[in-house]
Amino acid sequence: MVQKSAHDLASAAPAEGGFETALDAHRRGALEAAVAGYRGVIAEVPSHVDAWGNLCIALQALGRAEESVDAGRRALALRPDMAELHVNLAAALKSAGQLGQAQAALEQVIELQPGSALAHINLGNVLLAAGAPDAALEAYEHAGLLAPGDIAAHSNQGLALKDLGRPEAALIRFRRALAINPGAAEVHFNLGNTLRETGALEDAVESLTRAVALDAAHNRARANLGVTLRDLGRIEEAVAVLDAAIARDADYADAHWNRALALLLAGDFERGWPAYEWRWRATAMAPRDFTQPLWNGAPPGWRTVLLHAEQGLGDCLQFIRYAPLVAAKGAKVVVECPPPLAGLLESCAGVSQVVPRGAKLPPFDLHAPLMSLPDLLATRADNIPADCPYLSAPESAGDALAGAFEQHAGKCKIGIVWAGNPAHENDRNRSCAAASFTALAECPNVALFSLQKDASPEALGALPQAADLAPLLDDFAATAYAVSRLDLIVTADTALAHLAGALGRPVWLVLPHAPEWRWQLGREDSPWYPTMRLFRQARPGDWDALFWRLTQDLATL
């Protein structure tokens, strides 16, 4: 907070008028004026501790972290025994990303004032930012013991518990904080986010709506409200809320990005594809830096166009379908892709050369990210290129893989996958347990084959009826061979779903209640893959009912 402490610097008296003026500007939020005022005071009285301390605070608020750190150090050099100055410096160091030094500064505060709940809370904040939620939780709990009525101690315990994967415990802490102060918008925001994570979407909407009502400037709450409404399938409301967030901040990349996903989920490709380009600013993805220009969709005039993969393996498999369309415009098409896909993508029509990512690229004239192609080629709901198969499996494989199917001749051979990439932001919702597939094995005349990569012994132990093919699947070409020999694929939302669809094989896709945009809402088919059938959760997290329906349908085949 802005300080004005008593100190015995008699020589500071002539500067006090300037300090009061700077302090008033600081309190009014006129930070630049406050900085100028504090610097004026310091020019007159270099030993003015309060001016240095408040300059540290104002500079941090302006995002000038390095200058803030310098001012904080200058203040401490004058009064090393003043705990508040250590707190200010720690906040500046945290803003500058110097977490170790920030932690040391706060430990010094605690040594000076062991009973300071604020110091323990700030220490927890630094530890949480440093990726140590266990230690952060301990600091917050200590603060809660020192100051049971401190809302931050309880709310921040919730944040640490959420990071530790204990959302139900986090909800208790957030509600405890709100019992102390029901008007805390930030706590309603954190509660809403955690409710969304647990699948309590309607309750999340209520909490996030409350956060926005309490603090109209809380644009993160507004954007997360839009995302939650999207997850509930309330697309018009979601887009309206995200539009409101964008109206407040035209450069709010996350709001633009989530608006794009909502529009695409609703099949509004005309507005959705252009907005999808916000992914470069809203996510950790970075556009490729080539000297050659981006292709703008115009006839390339027989020049070479490099199409480069982005995001996941499934995205690459889905959008490689556009390579023949680019070739049909007169381009020589070179594709750069993740190495596991290289052998398989060579089978795509119109592709002249496939280069594994990391290998030297051949000369090219233009380039385009694969997932920009729907916009460049004006894809709409009625012209999705769905000429499947557009990839083909090799005709032969190793003897062990080929022989795996022979002993099950005459049975319905079903390949299964239950989990996707654990690093995916929505993996907690889209992946299911291996045991969910147990009922399939009980259907008569069925043989199950696990195509799950990196399956744990526990998961495989839950499905003793399934033959594990993963050790035989060295790359996607081998996996494609296996898929081509199976009668049906049943999978969670993983790259295997796209592979089976691209190969034109029958595939049943099991989806969470809030699906990715590409699967849209309400429908049981996919406009991207004619041989795909979609099974959706009726309620968040309810895989049991979904697999019961799926097994009933399987039994009728």
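Residues: numbered from 1 along the sequence shown.
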Which distance, rounded to the nearest 0.5 Å, do you find between the CD1 of I246 and the CZ of R259?
-> 5.5 Å

Measure the acute angle between the ring planes of F405 and Y481, then classify it against the limits of 30° and 60° as parallel, tilted or perpendicular.
-> tilted

Given side-chain contact (heavy atoms from CB on, under 4.5 Å), test L499 with L496 step by step and report yes or no.
-> CA-CA 5 Å; L499 176 62; L496 194 77; 4.0 Å; yes

Specify the closest pair of heavy atoms between D254 and A282, including all atoms of both residues, with the distance to one decimal.
-> OD1-O, 3.2 Å

Between R279 and E277, is there a salt bridge with N-O shorter than 4.0 Å?
-> yes

Check: R536 side chain, R523 main-chain N or O, donor-acceptor pair, under 3.5 Å | yes

What distance separates L473 CG from T479 OG1, expressed to the nearest 0.5 Å?
-> 4.0 Å

What closest approach, in Å, do L373 and A368 show between heavy atoms, and which atom pair accounts for it?
-> CD2-CB, 4.1 Å

Take L488 and L554 through the test side-chain contact (heavy atoms from CB on, under 4.5 Å) and record every step on the way to the result.
-> CA-CA 10 Å; L488 175 66; L554 179 63; 4.0 Å; yes

Electrostatic pair E406-R485, nearest N-O below 4.0 angstrom = no

Does some side-chain heavy atom of L534 sit less than 4.5 Å from a side-chain heavy atom of D525?
-> no

D382, CG atom: more than 12 neighbouring heavy atoms under 6.0 Å = yes

Compare all side-chain heavy atoms of E336 with those of R288 and state whether any distance is below 4.5 angstrom.
-> yes

Is there a side-chain contact between V305 and K332, using heavy atoms and a 4.5 Å cut-off?
-> no

Of all heavy-atom pairs linking C348 and P324, the shortest is SG-CD, 4.0 Å

Under 6.0 Å between ring centres, would you say that holds for W280 and H256?
-> no

Inter-residue atom distance C337.SG - L307.CG, 0.5 Å rounding = 11.0 Å

Over 60° means perpendicular and under 30° means parallel, so classify the ring planes of F437 and F547, tilted if in between.
-> perpendicular

Just how far is it from atom CZ of R220 to atom CZ of F189, taken to the nearest 0.5 Å?
-> 4.0 Å

CG of D487 to CZ of F449, rounded to nearest 0.5 Å, is 9.0 Å

Could you walk me through whether V351 and L345 pass the side-chain contact (heavy atoms from CB on, under 4.5 Å) check?
-> CA-CA 8 Å; V351 175; L345 297 193; over 6 Å; no

Decide whether N193 and R196 meet the rule of one side-chain donor and one side-chain acceptor closer than 3.5 Å.
-> no

Backbone N/O of G199 and side chain of R539: donor-acceptor pair under 3.5 Å = no

Side-chain heavy-atom pair P515, D493 within 4.5 angstrom cut-off = no

Is the gap between the ring centers of F319 and W528 under 6.0 Å?
-> yes

Determine yes or no for a side-chain-to-main-chain donor-acceptor pair under 3.5 angstrom, with R321 supplying the side chain and Q318 the backbone.
-> yes

For a side-chain contact (heavy atoms from CB on, under 4.5 Å) with V205, tell me which candidate from L195, L232, D231 qualifies.
-> L232

Evaluate the side-chain proximity of Y322 to T379: yes if any heavy-atom separation is below 4.5 Å, no if none is.
-> yes

Please indicate whether D387 has more than 12 foreign heavy atoms, meaning atoms of other residues, nucleotides or ligands, lying under 6.0 Å from its CG.
-> no

Between I489 and I414, is a side-chain contact (heavy atoms from CB on, under 4.5 Å) present by the stated rule, with each step listed?
-> CA-CA 6 Å; I489 300 297; I414 302 177; over 6 Å; no

Should L440 and L550 count as side-chain neighbours, where that means a heavy-atom distance under 4.5 Å?
-> yes

Which atom of G272 lies closest to which atom of L263, heavy atoms considered | CA-CB, 3.9 Å

Would you find a donor on one side and an acceptor on the other, under 3.5 Å apart, between the side chain of W517 and the backbone of Q520?
-> no

So which heavy atom on A381 is nearest to which on F269, and how close?
-> N-CD1, 3.5 Å

Would you check if L546 and R549 make a side-chain contact, meaning some heavy-atom pair closer than 4.5 Å?
-> yes

Under 3.5 Å donor-acceptor, Q465 side chain and L448 backbone = no

N/O donor-acceptor pair under 3.5 Å between D475 side chain and P340 backbone | no

Please state whether the rings of W519 and Y529 are parallel, tilted or perpendicular, taking 30° and 60° as the class boundaries.
-> tilted

Can you tell me how far CG of L486 sits from CD1 of I416, rounded to the nearest 0.5 angstrom?
-> 10.5 Å

Non-hydrogen atoms of G415 and L451 that approach each other most closely | CA-CD1, 4.3 Å

Is any side-chain heavy atom of Q98 less than 4.5 Å from a side-chain heavy atom of E66?
-> yes

Side-chain donor/acceptor of S431 to backbone N/O of G420, under 3.5 Å | yes

Donor-acceptor contact present, side-chain E346 to main-chain V354, <3.5 Å | no

